[in-house]
Protein chains: 2
Amino acid sequence: MMRITMEDVARHVGVSRALVSLAYRNRPGVSTETRERILHAGRELGYVPNRVAARLAGHGGNTLGVFLQDLHNDLFADLYEGTRAVADEAHKHLVLGVGALDGGRDAEALETLAQSRVDVVVAFGLQLPDTEVRTIAERVPMVCVLRGVADVDSVVSDNRHGARAATEHLIDLGHRRIAFLANPPSDGYMDRRHGYMETIAAAGLRPQVVQTTYSRETAAKDAGALLDGADAPTAIFAHNDQAAMGVLDALALRGLTPGRDVSVIGYDNSSLSKAPGTSLTTVDVDGVALGRSAAELALRRIEAPGAPSEWRTSFPTLVVRSTTGAPAA
Amino acid sequence: MMRITMEDVARHVGVSRALVSLAYRNRPGVSTETRERILHAGRELGYVPNRVAARLAGHGGNTLGVFLQDLHNDLFADLYEGTRAVADEAHKHLVLGVGALDGGRDAEALETLAQSRVDVVVAFGLQLPDTEVRTIAERVPMVCVLRGVADVDSVVSDNRHGARAATEHLIDLGHRRIAFLANPPSDGYMDRRHGYMETIAAAGLRPQVVQTTYSRETAAKDAGALLDGADAPTAIFAHNDQAAMGVLDALALRGLTPGRDVSVIGYDNSSLSKAPGTSLTTVDVDGVALGRSAAELALRRIEAPGAPSEWRTSFPTLVVRSTTGAPAA
DNA sequence: AATCTAGACTAGAGCGCTCTAGTTTGTACA
DNA sequence: TGTACAAACTAGAGCGCTCTAGTCTAGATT
């Protein structure tokens with residue numbers, strides 16, 4: 001079956017191919033009447049514009065590539081939502097690429113986006129090393145989100161700020177022994193730890209940092225050791241919600257009530273934290289806003305390809321739920 | 001800055017454009033030595049193949065479109081994972097389109113995929129009316145997942161089977177008064193209800209169906225009414241996990257313990273059901289397997305465009321966690 | 001009446017590839 | 001020595017569109 005092309009429509013109406021193109025793209029230079037006739041004929045013939053051909057023939061400037069690190073993570077859905085809203089307003093098309101949890105597909109997905117000739121790539125949560133990111137950014141303009149990369153447009157959330165807000169909240173409630181359940185330092189993300197450390201120091205308190213992993217089980221074990229130890233903390237700030245869940249598990253195991261016996265704060269405001277019977281106090285990163293911001297940078301980059309790179313920082317907010325309260329008397 | 005094209009690489013090496021094409025696609029007909037020289041020159045010149053041009057020039061047959069109804073729903077991530085695994089093995093490219101929770105973008109996203117000239121569209125969780133789906137399926141081959149459409153390749157999960165398994169589990173535990181918290185009938189999904197009804201009838205029990213919505217709050221209210229009423233059920237089977245959460249809320253409000261005082265089962269095995277302090281017994285749909293199955297149908301459709309449509313049904317399994325147990329004495 | 005101009009429309013040159021239908025080359029066989 | 005044949009390679013015709021640089025009307029301006 002022969003595909004209907006623009007040529008067919010043009011011939012059918014008795015105009016040139018170029019005019020059909022203008023009509024379909026709603027561009028000026030076509031009389032209203034002719035436009036009607038063209039669109040009508042198109043519908044009649046069952047014409048479907050070929051976007052691939054359009055992309056090849058056009059001069060670009062209207063396609064954003066979007067890289068999503070992990071489809072399982074709700075935060076990326078929010079990020080995407082924000083980016084899409086802005087892209088829609090600007091009438092840009094989106095082309096998606098998806099990574100894998102372990103980061104093993106990042107390079108491949110990015111390569112595909114580059115080969116797809118998108119004008120700029122918005123990358124949510126890349127796990128690639130900085131040097132590799134920079135190499136790719138030389139070929140196709142990039143906006144890195146969550147993970148900032150020097151000399152590359154970036155939109156990040158101020159983790160230090162979030163950690164400070166969480167720690168201050170606990171101090172304000174009257175806690176004096178506040179522990180931080182930290183992420184592995186190998187991942188390079190130290191900001192949450194720093195935020196905790198400086199706030200504790202500023203309050204003249206003693207820091208208590210225990211290193212854990214991303215797994216809920218490990219976090220439960222590490223939190224348990226803390227709780228059973230001498231001088232047990234009255235509040236625990238976990239590096240993310242997953243770890244905070246582990247802390248809650250540890251509390252439950254000991255018959256302790258979160259928010260009353262021990263206060264717990266997580267980080268991310270993931271769907272976990274909103275589950276029933278949990279209602280975790282946490283730090284919210286506002287993915288939609290980050291996504292919007294990233295898209296704006298991307299559009300700017302299309303306008304001005306040579307402009308110096310820009311970093312944007314957004315400030316997360318504390319979401320107080322029921323796992324924090326004044327320390328037990 | 002001029003883009004480097006295949007032509008440039010060819011000229012640089014002193015061969016024809018066609019040979020460069022073959023070399024880059026790892027096709028036979030190029031001597032090992034020449035291939036090396038071509039790839040080396042390409043690297044040196046900074047050549048990046050243009051996928052858009054390739055798609056236009058090629059005869060197709062290697063691109064799957066994937067439509068994801070909702071990025072926020074974990075199930076779709078699983079479905080995608082399954083499809084991607086199969087597509088990778090078959091060396092097919094994926095082009096993504098994303099809908100919106102309310103279904104308002106389904107048509108648009110599908111249209112984009114059609115215009116992108118994918119060979120077949122794998123649609124996860126379409127909300128479009130059957131007639132519209134069929135119209136689109138005439139233009140581009142489709143595989144519908146979760147939602148089956150007559151005369152269109154479909155992969156569905158047997159909701160009736162799942163509901164039967166859930167209900168039987170409760171009966172086996174000794175429950176006699178088992179209520180079903182049903183979804184609104186307006187959405188057309190009646191299979192879970194049917195599964196419940198027929199199992200209850202087969203056991204000679206009296207069905208008790210209460211209609212609720214998708215919201216957790218409504219479900220809590222409706223479950224509460226059930227629990228407070230005369231002849232309150234000892235077990236409640238909710239049409240999905242979200243609603244089951246509402247049931248748990250209602251129990252908590254009344255000081256009842258799920259699994260001991262009242263048994264609760266959800267449906268979907270969503271991340272909600274695995275949250276701490278919840279551990280909901282539920283029905284697991286195995287999204288990865290569905291995704292694989294859908295991709296296989298898609299590949300088959302590319303091979304044999306004219307073949308009669310095929311429906312595949314997968315059977316969900318019951319995941320017993322801690323919200324179900326023998327009825328209180 | 002001659003000139004200008006804006007709007008409507010067209011011709012045709014690409015965009016960067018893949019594919020078909022060759023041509024050339026080296027080697028094996030009779 | 002001539003014929004056969006596979007492997008290596010090439011020429012050039014598209015794929016379906018967008019864009020540039022026009023042409024051709026009418027009506028407005030002098």
Side-chain angles (χ1 to χ4, degrees), chain A residues 1-39 41-42 45-63 91 93 112 114-119 139, chain B residues 1-39 41-42 45-63 91 93 112 114-119 139:
Chain A
M1 131 227 193
M2 260 314 280
R3 275 263 173 218
I4 310 281
T5 73
M6 207 170 246
E7 184 74 50
D8 299 319
V9 178
R11 203 170 24 233
H12 192 261
V13 180
V15 296
S16 68
R17 197 166 60 284
L19 206 63
V20 177
S21 175
L22 293 176
Y24 263 88
R25 285 178 298 153
N26 214 20
R27 288 282 180 85
V30 194
S31 70
T32 323
E33 194 226 317
T34 311
R35 184 192 310 278
E36 286 303 318
R37 274 173 47 225
I38 290 174
L39 295 182
L45 296 175
Y47 168 63
V48 180
N50 185 329
R51 221 172 252 234
V52 178
R55 286 267 297 287
L56 182 59
H59 285 351
N62 49 24
T63 314
H91 300 289
H93 295 302
T112 301
Q115 293 189 2
S116 300
R117 289 296 189 272
V118 297
D119 299 293
R139 285 179 14 198
Chain B
M1 132 227 190
M2 261 311 281
R3 275 262 172 218
I4 310 281
T5 74
M6 207 169 245
E7 183 75 51
D8 299 319
V9 179
R11 204 169 24 231
H12 192 260
V13 180
V15 297
S16 69
R17 200 165 6 75
L19 206 63
V20 177
S21 175
L22 292 176
Y24 263 88
R25 284 177 299 152
N26 215 20
R27 288 280 180 86
V30 193
S31 71
T32 322
E33 194 226 318
T34 311
R35 184 191 311 276
E36 286 302 318
R37 273 170 51 224
I38 290 174
L39 295 181
L45 296 175
Y47 168 63
V48 180
N50 186 330
R51 225 173 247 235
V52 178
R55 285 268 295 288
L56 182 58
H59 286 348
N62 51 25
T63 315
H91 300 290
H93 295 302
T112 302
Q115 294 189 4
S116 300
R117 289 293 189 276
V118 298
D119 298 293
R139 287 181 9 199

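Basis for what follows: all heavy atoms, side chains included, without hydrogens, waters or symmetry-related copies. Chain letters run A, B, ... following the sequence lines, proteins first, then strands; residues in each count from 1.
- An OP1 or OP2 oxygen of C:dC19 is reached within less than 4.0 angstrom by no side-chain nitrogen or oxygen of B:Ser21.
- No side-chain donor from either of B:Arg55 and B:His93 sits under 3.5 Å from a side-chain acceptor of the other.
- Side-chain contact, B:Ser21 with B:Arg17: no donor N or O sits under 3.5 Å from an acceptor N or O.
- At the heavy-atom level, A:Ala54 lies under 4.0 Å from the strands shown only through sugar-phosphate atoms.
- DNA chain D is contacted by both B:Leu19 and B:Ala53; B:Leu19 maps to the nucleotide lying nearer its 5′ end (nearest heavy atom per residue).
- For B:Arg25, a side-chain nitrogen or oxygen approaches OP1 or OP2 of C:dT18 to under 4.0 Å.
- Taking all atoms of both residues into account, the shortest heavy-atom contact from A:Gly29 to A:Leu19 is O-CD1, 3.9 Å.
- Look at B:Thr5 and you won't find any side-chain N or O under 4.0 angstrom from OP1 or OP2 of C:dG16.
- Between A:Arg17 and A:Arg37, it is A:Arg37 whose nearest contact on DNA chain C lies nearer the 5' terminus.
- Of the side-chain N and O atoms in B:Ser31, none sit less than 4.0 angstrom from OP1 or OP2 of D:dA7.
- Atom CZ in A:Arg117 sits roughly 9 Å away from atom C1' in C:dG16 (whole-Å rounding).
- Counting to the nearest Å, the P atom of D:dC17 and the CG atom of A:Asp8 are 9 Å from each other.
- Residue B:Leu56 contributes atom CG, which lies 17 Å from atom P of D:dA13 at whole-angstrom precision.
- Using a 4.0 Å heavy-atom cutoff across all strands shown, B:Val52 reaches no nucleic acid atom at all.
- For the pair A:Met6 CE and D:dC15 P, the computed distance is 15 Å after rounding to whole Å.
- Between A:Arg27 atom CZ and C:dG7 atom P the separation is 17 Å, expressed in whole Å.
- Look at NE2 on A:His59: it is 7 Å from C1' on D:dT18, rounded to the nearest Å.
- The residue A:Tyr47 sits close only to the backbone: its heavy atoms come under 4.0 Å of sugar-phosphate atoms, none of a base.
- Within the nucleic acid shown, B:Val30 comes within 4.0 Å of sugar-phosphate atoms alone, with no base atom in reach, counting heavy atoms only.
- Between A:Ile4 atom CD1 and D:dC17 atom P there is a gap of 11 Å when expressed in whole angstrom units.
- Counting any heavy atom pair closer than 4.0 Å across all strands shown, B:Pro28 reaches no nucleic acid atom.
- Taking 4.5 Å as the limit, some side-chain heavy atom of B:Val48 sits within range of a side-chain heavy atom of A:Gln115.
- Whole-Å rounding puts the A:Asn50 CG to C:dC15 C1' distance at 13 Å.
- Put simply, CZ on B:Arg11 and CG on B:Leu45 are 10.0 Å apart, with the number rounded to the nearest 0.5 Å.
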